[in-house]
Protein chains: 2
Amino acid sequence: MLSIEQLKNLFPDWEQGLYESVLEHAELKEANAGEILLKKGQNIKSAMLVVEGTIKLYQEDEDGGEYFMYHLNPGEACAVTLVCNYHHEQSQVLAKAITDIKFLAIPVTYMEKWLNEFKSWHYFVIKTYRSRYEELLKTIHEVAFKNMDERLEFYIKKQVDQFGVTVKLTHQEIANDLNTSREVISRLLKKMEHNGWIKMNRNAFDWIKKQN
Amino acid sequence: MLSIEQLKNLFPDWEQGLYESVLEHAELKEANAGEILLKKGQNIKSAMLVVEGTIKLYQEDEDGGEYFMYHLNPGEACAVTLVCNYHHEQSQVLAKAITDIKFLAIPVTYMEKWLNEFKSWHYFVIKTYRSRYEELLKTIHEVAFKNMDERLEFYIKKQVDQFGVTVKLTHQEIANDLNTSREVISRLLKKMEHNGWIKMNRNAFDWIKKQN
DNA sequence: TGGGTGGTGTGATAAATATCACAATTTAAT
DNA sequence: ATTAAATTGTGATATTTATCACACCACCCA
């Protein structure tokens, strides 16, 4: 299990009692890069708090299409699984481990209990929802108003923020995340290379565009 | 001002003290159909709880494009304005009165105070965020995966749920809400008419498609 | 009653993206 | 080293949506 100091580093705004209750009742789980942590339609039985690694949240179409929404990092919670007051909630989204990860799984019963006991848990839940709500707003803005070239740039920048200037993704993987085809991404990346925005390698490229 | 009974009807899950505090500190405001209640980039100084009428939440592009997200009805709160703990938050979205409306404006200072005093306010805020988060998920699903014909059907159904089977909107208004052009909507509606899904009139049409 | 005005219909064309086909290249495996 | 698999490049074509141009029609109103 985690030490209370580790918990405090990850979640600095909590109350003392909350740390103790988390240590007592949450389960520390691990998953490997590539594992699906949350399927569409799956019943939610515990909340997920990221301890280590990165999780990707995305939507899935009936025909297998995907659309990337945002990443979850250590110290963040999966809003979808914070189903206070709602039992038997079904997930509308997918969560996949991008790296090897560790996370705390909190049974829904305790999530509700803590709402009554810990103010800091309340704030944490609200803060989580608010920040994810804002991520979704950005996603809608992109997909509703922008063409693929701009959406690709937006996507790459998120990858760069997350993992650094070397983006280790194949064209196909990017195309999946943006619900388009590999050819489209290949052509747009080639154009970015001509413009001097990226330096391409096999299975990866570097983002070298100077901002403004 | 409202009576405490009206408040209880609108927000049945609150504590007694919360009703009283709302009556004391919230301002009951009115607005006419068509009025913009929240502009993009506007500083949020009070939360909006709908008492009467319907509010439309949508996003705006830099080039004037729009995209409809969801409606707010009596008993619901605008998630964007529930900026607990965050001061000087800027709105990323627009809110417009679709009908004449009445709403309660709650100063941010009280919103935070109530988080400490009333459990039911906490639940209300969390519930609000959760339901709006889910609306945004649906919106992303439509705009990321569906063609305009399906998005139009999805849109019309939301209008029907809100205002009944007679949709009183011009093709241009629908086109604005879906960030497309009037011609596209006209042609798709014509197709729906041929398929027997709608009966068209001037400035309005009836949704007559039988479900499944 | 005869213009406006706003709403709708529709063809022609352009632009963005999707899809198909296949070549070329790099890496991994034997 | 040689083959197989994965990745990328690229032309051709189809589909979807956007844009332009203009006709037509209903309704208000001076």
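Only heavy atoms go into these numbers, but all of them, side chains included; no hydrogens, no water, no symmetry mates. All figures in this text were calculated on a predicted structure; none of them were measured in a lab. Convention: sequence-line order gives letters A, B, ...; per-chain numbering from 1.
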Enquirer: Among the nucleotides C:dT17, D:dT10, D:dC20, which one has an atom lying closest to any side-chain atom of B:Glu183?
Expert: D:dC20
Enquirer: Check this for me: does any side-chain nitrogen of one of B:Glu60 and B:Lys39 sit under 4.0 Å from a carboxylate oxygen of the other?
Expert: no
Enquirer: Between atom CD1 in B:Ile174 and atom C1' in C:dG7, what is the gap in whole Å?
Expert: 12 Å
Enquirer: Taking only Lys NZ, Arg NE, NH1 and NH2, and the carboxylate oxygens of Asp or Glu, determine whether A:Lys146 and A:Glu153 approach each other closer than 4.0 Å.
Expert: no
Enquirer: Going by the angle between their ring planes, with limits at 30° and 60°, are B:His25 and B:Trp114 parallel, tilted or perpendicular?
Expert: tilted
Enquirer: Taking the side chain of A:Ser186 as its heavy atoms from C-beta onward, which of C:dA18, D:dG9, C:dA16 lies nearest to it?
Expert: D:dG9
Enquirer: Would you mind reading off the distance between B:Arg202 atom CZ and C:dG6 atom C1', rounded to a whole angstrom?
Expert: 7 Å
Enquirer: Looking only at side-chain atoms of A:Lys190, point me to the closest of D:dT8, C:dT8, D:dT10.
Expert: D:dT10
Enquirer: What is the distance from NE2 of A:His194 to C1' of D:dT10, rounded to the nearest Å?
Expert: 12 Å
Enquirer: Compare the minimum distances between each of C:dG7, D:dC20, D:dT17 and the side chain of B:Thr170, then state the nucleotide with the smallest one.
Expert: C:dG7
Enquirer: Of all the nucleotides listed (C:dG9, C:dT17, D:dT10), which has the minimum atom distance to the side chain of A:Arg182?
Expert: D:dT10
Enquirer: Grab the CG-P distance between B:Asn147 and D:dA18 for me, whole Å please.
Expert: 11 Å
Enquirer: What contact category does B:Asn179 fall into here, base, sugar-phosphate, or nothing, at under 4.0 angstrom with non-hydrogen atoms?
Expert: sugar-phosphate
Enquirer: Centroid separation under 6.0 Å, is that true for the rings of A:Phe163 and A:His71?
Expert: yes
Enquirer: May I have the distance from A:Met200 (atom CE) to D:dT7 (atom P), rounded to whole angstrom?
Expert: 13 Å
Enquirer: Could you tell me the separation between the CD1 atom of A:Ile185 and the P atom of D:dT7, rounded to a whole number of Å?
Expert: 15 Å
Enquirer: Thinking salt bridges, do A:Glu134 and A:Arg130 make one under a 4.0 Å N-O criterion?
Expert: yes
Enquirer: In whole angstroms, how far is the P atom of D:dT17 from the NE2 atom of B:His171?
Expert: 17 Å
Enquirer: Counting side-chain heavy atoms from CB outward, which of D:dG9, C:dT19, D:dA18 is closest to A:Ser181?
Expert: C:dT19
Enquirer: By nearest atom, which of the nucleotides D:dT8, D:dC20, C:dT17 is closest to the B:Arg187 side chain?
Expert: D:dC20
Enquirer: In whole Å, I'd like the distance from the CG atom of B:Asn203 to the C1' atom of D:dC28.
Expert: 12 Å
